[in-house]
Protein chains: 2
Amino acid sequence: MLARVSTAPTFKRLPRAVREQQMLDAAVKVFSRRGFHAASMDEIAEDAGISKPMVYAYLGTKEELFIAALHREGTRMMEAIAAVVGDNLPPDEQLWRGLRAFFGFVGAHRDGWAVLYRQARAEQRFAGELAEMRSRIIEVVAGMLGRAVEARSAHVDRREVREIDLEVMAYALVGASESLADWLADHPQADPEKTATRMMNVAWLGAAQLLAGDTWHPTDP
Amino acid sequence: MLARVSTAPTFKRLPRAVREQQMLDAAVKVFSRRGFHAASMDEIAEDAGISKPMVYAYLGTKEELFIAALHREGTRMMEAIAAVVGDNLPPDEQLWRGLRAFFGFVGAHRDGWAVLYRQARAEQRFAGELAEMRSRIIEVVAGMLGRAVEARSAHVDRREVREIDLEVMAYALVGASESLADWLADHPQADPEKTATRMMNVAWLGAAQLLAGDTWHPTDP
DNA sequence: GCGTAACCCTACGCACGAGTAGGTATGCTC
DNA sequence: GAGCATACCTACTCGTGCGTAGGGTTACGC
């Protein structure tokens, strides 16, 4: 049956680069709506206004498609953050701007990044890709904290804060932010700006104390 | 073909309660190894030393089985925490004990709770179950923080800390802990005790400042 | 104006895995 | 020791969805 379905007036042939973006848009949408496994390539193709073999031709396997989508969204997020975090600002200002950009981004794409990220975390086959992305973030945060230590090192008379401590703290902060990002995604009423402020409060006040050399220890070791 | 496979000397008939636990053990193991979707009921059944229809007869659908497994592990974790968090201890002591128990539990069951939880978060069909479990945890943490506020309310001259703030802070703390739990799971060398101490440092110092009425605010609003 | 490459399709093969039908064996009760 | 419930099995059905075979059509160079 070769009859063209009547309700499709303009079947524009589009260049590859454009189609790929449309496919990625569809992939992000469907993957986050349904989850990696429940998402079908057919639905993604249909949503992109194209047929399935095109998706395979351009972006490859379902797994590769997911990685491509995750990658694009992650890069966009990192860029959004990098755009506002200046190089030579004081650490708390950097952290604040970074958090604000992060929550702003997540809030603006409630069905995008956060959900994809959550998906990726559940499937161990994406562990590698994910670890790489996270380590980029951790690196940024740990860097900020490190500079904060430098800045205060004058009145810190104790041993240097070890790198592993910075890494663990960065992990905790990133984890807390991820969690609040989920909270944001689940509460459509919530205000990203306010959420960022709350996060900043917990993060910075705690970190500031710590970096100043103030620590808590158990009383009954 | 009715011939009994020779290498299976003791096919004990076991009472339902025992088999159910074995099945749940297997379910936890396979679900966390493979992920919810990639886990097959056949593999779970085989791992439990039983055939598939028995699993359906006792624990129902794959979805119900997963929920049962998640539930059991979650309850165990909550019990482990409740066992060490006394009722009338000072809040920081409670928080410390809770965190230590939490990381101890996660560290001891590296392929159990944390991975199941991650799985559940990715599939929106478990959203209800999950929300319930998480709210139990949040409630506990927010309760601790709330009592901490009470204890300090004497020298806090500002408006009461609102409940939503407590909830968001609890979220952040829980998220940070989950993240460090993942870190723990990924670093077999790491010491749960030390991790708990680090978490406590970030959490308590930050929370203490906040609860004392000390807040951070943006300089350029 | 014709070749050729890029774009795009319909229609299938095939594997995998959830859930079930229908039956067998074992222990417990009286 | 007969009846009956409970524990347990093998062997299917059937839907779903990934990935592909094989072929059509439009644009663009020359």
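Letters A, B, ... mirror the listed sequences (proteins, then strands); counts begin at 1. All values below were derived from every heavy atom in this structure, side-chain atoms included, with hydrogens, water molecules and symmetry-related copies excluded.
The salt bridge (charged side-chain N to carboxylate O under 4.0 Å, His left out) test with A:Arg134 is passed by exactly one of A:Glu139, A:Glu129, A:Glu178: A:Glu178.
Listed candidates were D:dC18, C:dC7, D:dC9. Nearest to the side chain of A:Arg16 is C:dC7. Checking C:dA6, C:dG19, D:dT20 against the side-chain heavy atoms of A:Arg13 singles out C:dA6 as nearest. Comparing D:dA21, C:dT20, D:dC8 by their closest approach to the side chain of B:Ile50 singles out D:dC8. In this structure, of C:dT10, D:dT10, C:dA18, it is C:dA18 that holds the atom nearest to the side chain of B:Asp42.
If you take CG of B:Leu14 and C1' of C:dT26, they are 13 Å apart, rounded to a whole angstrom. Following rounding to the nearest Å, B:Leu59 (CG) and C:dA18 (P) show an atom-to-atom distance of 15 Å. For B:Lys62 and C:dA18, the NZ to P distance is 4 Å, given to the nearest whole Å. Put simply, CG on B:Leu65 is 15 Å from C1' on C:dG17, counting in whole angstrom units. Atom pair A:His37:NE2 and D:dT16:C1' shows a separation of 11 Å (rounding to whole Å applied). What separates CD of B:Glu20 from P of D:dC8 is a distance of 11 Å, to the nearest Å. One interatomic measurement links the two molecules: NZ of B:Lys52 to P of C:dG17, which rounds to 10 Å at whole-angstrom precision. The distance between atom CZ of A:Arg125 and atom P of D:dC18, rounded to the nearest whole Å, is 11 Å.
With hydrogens and angles disregarded, no donor-acceptor distance shorter than 3.5 Å links the side chain of B:Ser32 to the backbone of B:Gly112.
At the heavy-atom level, A:Met54 lies under 4.0 Å from base atoms of the strands shown. Residue contacts shown for B:Ala39 are limited to sugar-phosphate atoms, with no base heavy atom under 4.0 Å away.
One finds a side-chain N or O of A:Arg19 lying less than 4.0 angstrom from the OP1 or OP2 phosphate oxygen of C:dC8. Phosphate proximity of C:dA6 to A:Tyr58: absent, as no side-chain N or O sits under 4.0 Å from OP1 or OP2.
Ionic pairing of B:Glu43 and B:Arg33 is not present here: no N-O contact between side-chain nitrogen and carboxylate oxygen is shorter than 4.0 angstrom.
Of the residues near DNA chain D, B:Ser51 and A:Ser40, the one whose nearest nucleotide (by heavy atom distance) lies more toward the 5' end is B:Ser51.
Between B:Phe31 and B:Phe36, the ring planes lie parallel to each other; the angle is under 30°, not in the 30° to 60° tilted range.
Side-chain atoms of A:Gln21 and A:Arg72 include a donor-acceptor pair closer than 3.5 Å.
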